[in-house]
Amino acid sequence: VVADRDPRRSLWARDLLLAGLFADPSTVTITKRIRLAKPVIAQFSWRGAELANGILQQASEVLAHPYKAVREELSTMVSYVMSNARSPPRNAKTNFIQPGVGTADAPMVEFYDRMLARLEELGAQVPADDGGGAAGAATATASAADDAGVDSTATDAPAELRRLRDTFLRITVSLLYTHSPVLAPHAARVLAQIFAVQTDRDPSKDVQTLGKRSTTWAAHAGCFTAKENLAGTLEVLRASLASENWRVRGQVLLFLEELALATLFVAAPEQRAQLTDMALDRLRDPQPEVRLAAQRALSSLVQLAARDETGTARIRQLADDAMKLARTKLPKRKAGEPEPASLAKKIRVRHAGVLALGAVMRAFPYDVPSFMPPLVVQMAGHQNDPAPIKETVQRAMAEFWRTHRDMWHVHRDAFDPDDLALLTDLFVSPSYYA
């Protein structure tokens, strides 16, 4: 009906679609109307600015629709509309600073701004729950209903926030995939909201998947990684790492790990040093999952720093500091006495050193630099430490043996005879016939 026709000859179709697009209470009717609108939007393309703007205006009022099926179709339709934005030329200096040029861009940016403002408003009303409080219990119940395919129609602020975050992630993932310029004016706020999704207690499986995907894709998006925007991104990372919710800190470190690779040729030396300091600081995090995420991020940074002599010197200094931390003495407990008050803190400091050693070892999977043998030997000496240090040592040594086993006849020459005997006993299982 509207294919290959001047939009001015199809105004009736525009008016029909805009007439109460979401007014019907029936979920089936709303989803059908949305599916009908999507091909019309695609046919009108950039010429259908009035249709796109009208749809965005109505959609902004139902972003937290109680029914999951409507939210899914709504997110897809908004993505169709956002794809009409015109990006500036690739050689323009404002490529990732301003939205694309065109009549449809301003309403799209305003739509996204309204969605972020509502997210921030609800986030201020709903306390972040990481321990199963009333808000957390309500969110967990609603998330379980989503996973079971049952729609939650609760109207309280926590339920609305959960539904709005679901829609926000679906739209944002689509915009990241298409490199839409709509995100550029809100880069810092978008990144903060992507991390804030982790404050939901027991999020649905869809939200977990979308959250991880948006974090990974955002680390490679120009609006976050461009040289002129990187300083703002680092500020958001620092603020989010101070969150009391350990899931937020873990998600930030996942983003940091990807960001280290995405900004390899963009980040200044001082900015790369800031990323390294963030990862090092989280090695002492109270939550074990966050410490492991910090180790993975630090390993990526170490691997990228080994490209020149200056970076190699920093790695040597990091290895020395890690060995000192790993030598932290643990207070002994005599039989019948209570556990020393400082034991947990000392274990965490010692574990941080062992994690840093493991990060350096992991950064050189098929090589043994001159500073590596002492690290491997010291790591092996912690195999009898208390948990969680013991498990970290076992994983690190198993990974080191897996990646160096094929060339062990060459790598073994880098170790002293006594150290080689210790490692041989650790790596090679004793023979029954020996």
Checklist entry - Among I347, N384, L355, which residue meets the side chain to side chain contact (heavy atoms under 4.5 Å, CB included) test with I389? => result I347
Counting distance only, does the side-chain N/O of [X] pair as donor-acceptor with the main-chain N or O of [Y] below 3.5 Å?
X: S299; Y: Q295; value: no
X: S214; Y: L169; value: no
X: N245; Y: R247; value: yes
X: S174; Y: I171; value: no
X: T403; Y: P365; value: yes

Review item, side-chain donor-acceptor pairs of residues 262-272, under 3.5 Å, at least two apart:
| from | atom 1 | to | atom 2 | distance (Å) |
| --- | --- | --- | --- | --- |
| T263 | OG1 | L259 | O | 2.7 |
| Q271 | OE1 | A268 | N | 3.0 |
| R272 | NH1 | A260 | O | 3.4 |
| R272 | NH2 | T263 | O | 2.8 |

Selection [range] - residue pairs positive for salt bridge (charged side-chain N to carboxylate O under 4.0 Å, His left out), sequence neighbours left out:
range: residues 394-405; answer: E399-R402
range: residues 275-296; answer: R249-D285, R282-D285
range: residues 350-364; answer: R350-D385

Checklist entry - Can H65 and L74 be said to form a side-chain contact (heavy atoms from CB on, under 4.5 Å), step by step? => result CA-CA 9 Å; H65 198 279; L74 173 65; 5.6 Å; no
Taking the side chain as every heavy atom from C-beta outward, state whether [X] and [Y] have any atom pair closer than 4.5 Å.
X: T233; Y: T225; value: no
X: Q57; Y: R114; value: yes
X: V368; Y: R412; value: no
X: L237; Y: L234; value: yes
X: Q208; Y: K212; value: no
X: M397; Y: V376; value: yes
X: V190; Y: F168; value: yes
X: T172; Y: Q193; value: no

Contact summary for [X] and [Y], nearest pair of heavy atoms:
X: V236; Y: A192; value: CG1-N, 4.0 Å
X: A396; Y: M379; value: CB-CE, 3.9 Å
X: V109; Y: P185; value: CG1-CG, 4.2 Å
X: A414; Y: P373; value: O-CG, 3.5 Å
X: P286; Y: R348; value: CA-CD, 3.9 Å
X: A218; Y: I194; value: CB-CD1, 4.3 Å

Checklist entry - Can you list the steps and then say if L357 with V393 is a side-chain contact (heavy atoms from CB on, under 4.5 Å)? => result CA-CA 10 Å; L357 292 176; V393 172; over 6 Å; no
Item to check | For H404, ring pair (Phe, Tyr, Trp, His ring centres under 6.0 Å) partners two or more places apart | outcome: F400, H411
Rounded to the nearest 0.5 Å, what separates atom [atom1] in [X] from atom [atom2] in [Y]?
X: L330; Y: K346; atom1: CG; atom2: NZ; result: 8.5 Å
X: L122; Y: R162; atom1: CG; atom2: CZ; result: 12.5 Å
X: D200; Y: R165; atom1: CG; atom2: CZ; result: 4.5 Å
X: S75; Y: I34; atom1: OG; atom2: CD1; result: 9.0 Å
X: Q378; Y: K324; atom1: CD; atom2: NZ; result: 12.0 Å
X: L175; Y: L183; atom1: CG; atom2: CG; result: 5.0 Å

Item to check | Verdict with supporting geometry, V302 and F364, side-chain contact (heavy atoms from CB on, under 4.5 Å) | outcome: CA-CA 9 Å; V302 170; F364 300 92; 4.2 Å; yes
Item to check | Full working for side-chain hydrogen bond (donor to acceptor under 3.5 Å, both in side chains) between Q317 and D321 | outcome: CA-CA 6 Å; Q317 183 61 46; D321 295 342; 3.0 Å; yes
Next on the checklist: Determine whether F111 and V182 satisfy the following criterion, side-chain contact (heavy atoms from CB on, under 4.5 Å), listing intermediate values before the conclusion.
Outcome noted: CA-CA 10 Å; F111 167 84; V182 176; over 6 Å; no
Next on the checklist: Just checking K38: does its NZ atom have more than 12 heavy atoms from other residues, nucleotides or ligands closer to it than 6.0 angstrom?
Outcome noted: yes
Under the salt bridge (Lys or Arg N to Asp or Glu O under 4.0 Å) test, which residues partner [X], sequence neighbours left out?
X: E391; value: none
X: E72; value: R170
X: R316; value: none
X: D113; value: R189

Item to check | Centroid separation W408 to F415 less than 6.0 Å | outcome: yes
Next on the checklist: Among residues at least two apart in sequence or on other chains, which ones pass side chain to side chain donor-acceptor pair (under 3.5 Å) with Q198?
Outcome noted: none
Item to check | All side chain to side chain donor-acceptor pair (under 3.5 Å) counterparts of E235, not counting sequence neighbours | outcome: R238
Checklist entry - For the residue pair F255 and F195, does the interplanar ring angle fall in the parallel (under 30°), tilted (30 to 60°) or perpendicular (over 60°) class? => result perpendicular
Item to check | Qualifying residues under side-chain contact (heavy atoms from CB on, under 4.5 Å), relative to T276, sequence neighbours excluded | outcome: L280, L298, L301
